[in-house]
Protein chains: 2
Amino acid sequence: MPPRTYEHPAIDEIAIPRVLFALSEPLRLNMVRMLAERGEVDSIDLGPDLPRSTLTHHTSLLRESGVVFVRAEGRKCMIRLRDEDLEARFPGLLGTVLAGYEDDDA
Amino acid sequence: MPPRTYEHPAIDEIAIPRVLFALSEPLRLNMVRMLAERGEVDSIDLGPDLPRSTLTHHTSLLRESGVVFVRAEGRKCMIRLRDEDLEARFPGLLGTVLAGYEDDDA
DNA sequence: ATCATTGTGCGACTATTTTCAAACGATAGG
DNA sequence: CCTATCGTTTGAAAATAGTCGCACAATGAT
């Protein structure tokens, strides 16, 4: 039995306002940018300097809005973009947002 | 002397997080959808049922984030999308967002 | 078994956002 | 001039969001 499981919205439950809100936060947008570059990533790499509870807060929000998929791996948790689902639901959105975001790291 | 003037960010000052935030609010997203359909619109048409101060709040936020252009016309104020500027800055963004937003009115 | 590490949940606090009423200034029309 | 209409500003209240310390559960390693 899986120790930690994560709820994810189905593709057709992904709503534009929630996605935009999730991406409107610079911290989270940086996370998404990193995920787009690296593929699946250990959650801690998304914010090595952040308090853990803050990191959980943001990754949960990204997950609940349908932007990322989360799975437990041992005691870590691995995160990856739901880029195919997002592409199916809102074609071009992710690419456009990331293309328009040539900013500094965090 | 112009009675009411409005400040607008220059094209290169338009920032993705602010635009996404502006569009993440259902009320404002509906306004943008209406603007995309109708072109320039009397501000009051964007929210006939809203208190005026609430309407001002949202239109100001859309203006300050670079999504709309506002001009005074007599005692009204006319609003239009900065679709060309947005297209130049974030190609495809507006179209993608609006395409993915086939929702109810407000 | 013990211990260090990881993510989560809770609770509190702060900051931001949304909403709206009231007062004001400007405009158009009589 | 007087009045009605519109937008803005201000201020306040409520709701929402972000941050983080702490305790806890689960995991992996010794």
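A, B, ... follow the sequence lines: proteins, then strands. Residue 1 opens every chain.
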Practice prompt. For B/R63 and D/dT9, give me the distance from atom CZ to atom P, rounded to whole Å.
Written response: 8 Å
Discussion item. Using whole Å, what does the distance between atom C1' of nucleotide C/dG7 and atom CZ of A/R4 come to?
Written reply: 5 Å
Worksheet, complete the sentence: Sorted by position of nearest nucleotide on DNA chain D, 5' first, the leading residue of A/E73 and A/E25 is A/E25
Worksheet item: Is B/T96 reaching over with its side chain to a backbone N or O of B/G92, donor-acceptor style, under 3.5 angstrom?
Response: yes
Response to the item:
DNA chain C nearest-nucleotide lookup for B/S53 and B/L61: closer to the 5′ end is B/L61
Practice prompt. Let me know the distance between CE of B/M31 and P of C/dT18, rounded to the nearest Å.
Written response: 11 Å
Worksheet item: From A/M31 CE over to A/L81 CG, what is the distance, rounded to the nearest 0.5 angstrom?
Response: 12.5 Å
Worksheet item: Closer than 4.0 Å, any side-chain N/O of B/R28 to the OP1 or OP2 of C/dT18?
Response: yes
Response to the item:
note: A/I44, atom CD1; D/dT27, atom C1'; distance rounded to Å ~ 14 Å
Worksheet item: Given atom CZ of A/R71 and atom P of C/dG7, what is their separation to the nearest angstrom?
Response: 13 Å
Worksheet item: Across the strands shown, which category fits B/S43 at heavy-atom distances under 4.0 angstrom: base, sugar-phosphate, nothing?
Response: sugar-phosphate
Practice prompt. Starting at atom CD of A/E64, determine the distance to atom P of D/dG18, rounded to an integer number of angstrom.
Written response: 12 Å
Worksheet entry | side-chain N/O B/T54 vs C/dT18 OP1/OP2, d < 4.0 Å | no
Discussion item. Taking the minimum atom-to-atom distance to the side chain of B/L27, which one of D/dG18, D/dG7, C/dT19 wins?
Written reply: C/dT19
Practice prompt. Would you indicate whether B/E37, at its atom CD, is surrounded by more than 12 heavy atoms from other residues, nucleotides or ligands within a distance under 6.0 Å?
Written response: yes
Practice prompt. Determine: side-chain N/O of A/Y6 to OP1/OP2 of C/dT8, distance under 4.0 Å, yes or no.
Written response: yes
Worksheet item: Would you say C/dT8 has OP1 or OP2 under 4.0 Å from some side-chain N or O of A/T56?
Response: yes
Item to complete: Give the rounded distance in Å between these two atoms: CZ of A/F21 and P of C/dT18.
Response: 9 Å
Worksheet, complete the sentence: Separation of C/dT16 atom C1' from B/R18 atom CZ, nearest Å, is 13 Å
Discussion item. For the CD atom on B/E7, are there more than 12 heavy atoms of other groups (residues, nucleotides or ligands in this structure) within a distance under 6.0 Å?
Written reply: no
Discussion item. When you measure from the side-chain N and O atoms of A/H58 to the phosphate of D/dT19, is any distance below 4.0 Å, counting only OP1 and OP2?
Written reply: yes
Fill in: side-chain N/O A/R52 vs D/dT19 OP1/OP2, d < 4.0 Å
no
Worksheet item: Can a donor-acceptor pair under 3.5 Å be found between the side-chain atoms of A/R75 and the base atoms of D/dT27?
Response: yes
Worksheet, complete the sentence: Value for CG (B/D42) from CG (B/D45), rounded to nearest 0.5 Å, stands at 5.0 Å
Discussion item. Can you tell me which nucleotide in C/dT6, D/dG18, D/dG21 comes closest to the side chain of A/H57?
Written reply: D/dG18
